[in-house]
Each structure stands twice: as structure tokens, then as C-alpha cells.
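Note that this is a predicted model, so its numbers are computed, not measured.
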Amino acid sequence: TRASSIAEIERRLEDAGAGVGERMLEILSYREKGNRREIRLQGILQFINTNIWRCLFGKVADSLEVYNDDEYVISDRSPLVNKFISVPK
């Protein structure tokens, strides 16, 4: 079905992406690290920034940025998702 607004597209992408992201994290953590479990936030984010991003999008994310010691942003200058979405009129 077609989305009627940009907010609806964002919500749908977020709903779909959350489940996919959780599963990918679980699968790749097990494959890459075996029984070792990462407990540091920076380590988990670095694993997502490199391994999971590469598996999902074919390349490592451009940067992992930290703001105010409690806000983290993974940025990608050319997100693959935007190539397949047309904005509603």
C-alpha cells in the first residue's frame, strides 16, 4: 500500500528496521564472536557500525559520532534506502 505522508514512510521503515536490526545483531554476534558477549556500549556500537552495516548495506558506515557522552549517531552519507523510496505528493 502507498504511504500518504513522509511521517508514515518513516514509521513503516522504523517498524521494519527494528526487527531486522535485532535479528542481524543476534545472528552476527553469534557468528563473529561465538560465546563472547560484548558488554561495553562503545564496543556494541562499533560492531554495528562495521560488521552489521557491511552485511546490510555492503559497506561500513561513514562514521560513529558521540555527542555529550550519552548520544550516539551512526551516519551514512549515501544511504541505500533512499534509492528505492519515492516521496508522496
task: Kindly indicate whether the side chain of Glu32, heavy atoms from C-beta on, has any atom under 4.5 Å from the side chain of Asn51.
output: yes
- request: May I ask you to test the Ser75-Glu65 pair for a side-chain heavy-atom distance under 4.5 Å?
  value: yes
task: Could you tell me the separation between the CG atom of Leu25 and the CZ atom of Phe47, rounded to the nearest 0.5 Å?
output: 6.5 Å
message: The test is side chain to side chain contact (heavy atoms under 4.5 Å, CB included); show your working for Met24 and Ile48 and say whether it passes.
response: CA-CA 9 Å; Met24 290 301 297; Ile48 291 169; over 6 Å; no
statement: To the nearest 0.5 Å, atom CG of Leu45 lies from atom CD of Glu38 at 9.5 Å
query: According to a 4.5 Å side-chain heavy-atom criterion applied to Ile, Leu, Val, Met, Phe, Trp and Tyr, with indirect links allowed, do Val73 and Ile44 form part of one hydrophobic cluster?
result: no
message: If hydrophobic clusters are built by linking Ile, Leu, Val, Met, Phe, Trp and Tyr wherever their side-chain heavy atoms come under 4.5 Å apart, do Val60 and Leu28 end up in the same one?
response: no
field: side chain to side chain contact (heavy atoms under 4.5 Å, CB included) between Glu71 and Val66, worked out
entry: CA-CA 6 Å; Glu71 188 175 324; Val66 182; over 6 Å; no
message: Do Val20 and Ile27 land in one hydrophobic cluster if side-chain heavy atoms of ILVMFWY residues count as linked below 4.5 Å?
response: no
query: Are the side chains of Arg12 and Glu8 in touch, meaning some heavy atoms are under 4.5 Å apart?
result: yes
- prompt: Is any side-chain heavy atom of Asp62 closer than 4.5 Å to a side-chain heavy atom of Lys59?
  reply: yes
- prompt: Is there side-chain contact between Ile74 and Ser63, with heavy atoms separated by less than 4.5 Å?
  reply: no
